[in-house]
Amino acid sequence: MVKIPLEVYEFANGLRPMAHFLLRIGNLPSIPIRAIVDTGSPVTLIGPLDTRKMRLSKIQISKFDGRNKPVNIGGGQIITRVIENSKLRFNKDFEIEMPVDFPIKGEENPFQPSLLGVDFLEKIKANFYFNPSKKESY
C-alpha cells in the first residue's frame, strides 16, 4: 500500500487536506498542482488558477482529445473537458494515469482550487485519514 503524505492548510475559512503532485498531459510540460482532497467531489478537477499556471485557455483545453461532461460544483453546474490519460506523480515512486477534468464552460469561480476527488481515491483503492485537530492527513 502506498501512503501519500498530505498537508493540512487553512483555506476558505477552514482546514483542508491538500495533495501536491505533478500533472502531465501528453507532451505538455509537467506542472505542480496543489489540490484539496475533496471527498464530496466525484471528479478530479484542475481549477482555473492551475490552468492559468499551465498557460492554457478554455479554447485550447476544448481542443484536447476528450469528452465534455456536466459537473455540479459549488452549488452550480459547469461543463468540463475530461482528459483521459493524464498522469499524476506524487513522488518518485508513485504515478497514476487517470482522467482529469478541466472546466471549459459555465458559472466558474476564478479562484476555484484544484480538487482531488473520489475518483482518485477509488482508482488507487485508498483509505483516507484526516484529523483537523492534529493538522494531520494521509
Side-chain angles (χ1 to χ4, degrees):
M1 178 172 79
V2 175
K3 189 172 182 180
I4 299 170
L6 303 174
E7 295 186 34
V8 178
Y9 294 105
E10 182 78 31
F11 184 85
N13 299 320
L15 293 174
R16 306 282 188 255
M18 306 285 262
H20 295 265
F21 59 90
L22 290 175
L23 173 67
R24 192 166 35 124
I25 298 170
N27 60 359
L28 294 175
S30 295
I31 179 143
I33 303 288
R34 185 174 84 170
I36 294 173
V37 178
D38 187 352
T39 59
S41 176
V43 300
T44 294
L45 178 102
I46 304 303
L49 294 173
D50 288 320
T51 56
R52 281 195 293 278
K53 281 196 292 187
M54 295 174 81
R55 298 177 189 235
L56 290 175
S57 71
K58 290 181 181 185
I59 293 168
Q60 290 169 304
I61 293 167
S62 66
K63 291 180 181 177
F64 285 157
D65 283 339
R67 60 186 164 79
N68 293 355
K69 80 172 186 185
V71 173
N72 294 326
I73 194 161
Q77 187 175 78
I78 60 173
I79 303 298
T80 65
R81 182 65 155 195
V82 182
I83 311 302
E84 294 292 337
N85 299 319
S86 303
K87 292 186 176 148
L88 288 66
R89 177 176 288 283
F90 290 85
N91 58 41
K92 64 182 174 122
D93 299 322
F94 184 64
E95 179 177 87
I96 186 164
E97 188 173 294
M98 63 176 283
V100 173
D101 290 37
F102 286 84
I104 57 171
K105 293 181 191 166
E107 286 294 317
E108 180 185 304
N109 174 355
F111 302 106
Q112 168 68 47
S114 293
L115 305 174
L116 201 57
V118 172
D119 58 341
F120 170 77
L121 298 172
E122 286 178 324
K123 175 94 176 173
I124 67 167
K125 296 175 176 54
N127 292 320
F128 175 61
Y129 174 80
F130 177 46
N131 185 332
S133 63
K134 291 185 178 180
K135 293 187 178 179
E136 181 176 83
S137 187
Y138 55 86

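Computed over heavy atoms, backbone and side chain alike; hydrogens, waters and symmetry mates excluded.
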**Q** Do I31 and D50 touch side chain to side chain, with heavy atoms closer than 4.5 Å?
**A** no
**Q** Go through it in stages, so that I can follow the logic: the residues are I124 and I4, the test is side chain to side chain contact (heavy atoms under 4.5 Å, CB included), and I'd like the CA-CA distance, side-chain angles, deciding distance and then a yes or no.
**A** CA-CA 11 Å; I124 67 167; I4 299 170; 4.0 Å; yes
**Q** Tell me which pairs pass side-chain hydrogen bond (donor to acceptor under 3.5 Å, both in side chains) where either residue lies in residues 18-31, with sequence neighbours left out.
**A** Y9-H20, R24-E95
**Q** Is the shortest side-chain heavy-atom distance between R81 and K63 below 4.5 Å?
**A** no
**Q** Can you name the ring pair (Phe, Tyr, Trp, His ring centres under 6.0 Å) partners of F21, sequence neighbours left out?
**A** F90
**Q** Decide if atom NZ of K69 counts as having more than 12 heavy atoms of other residues, nucleotides or ligands within a radius under 6.0 Å.
**A** yes
**Q** So, T44 side chain and G117 main chain: donor-acceptor pair closer than 3.5 Å or not?
**A** yes
**Q** Ignoring hydrogens and angles, tell me if any N or O in the side chain of S41 forms a donor-acceptor pair with the backbone of V43 under 3.5 Å.
**A** yes
**Q** Going by atom types only, do N131 and Y129 share a side-chain donor-acceptor pair under 3.5 Å?
**A** yes
**Q** Of all residues at least two apart in sequence or in a different chain, which pass the salt bridge (Lys or Arg N to Asp or Glu O under 4.0 Å) check with E122?
**A** none
**Q** To the nearest 0.5 Å, how far apart are CZ in R34 and CD1 in I36?
**A** 8.5 Å
**Q** Any chain of hydrophobic side-chain contacts (each under 4.5 Å) joining Y138 to L88?
**A** no
**Q** Same cluster or not: are M54 and F64 linked, directly or through other Ile, Leu, Val, Met, Phe, Trp or Tyr residues, by side-chain heavy atoms under 4.5 angstrom apart?
**A** yes
**Q** In this structure, would L116 and F130 fall into the same cluster of hydrophobic residues linked by side-chain contacts under 4.5 Å?
**A** yes
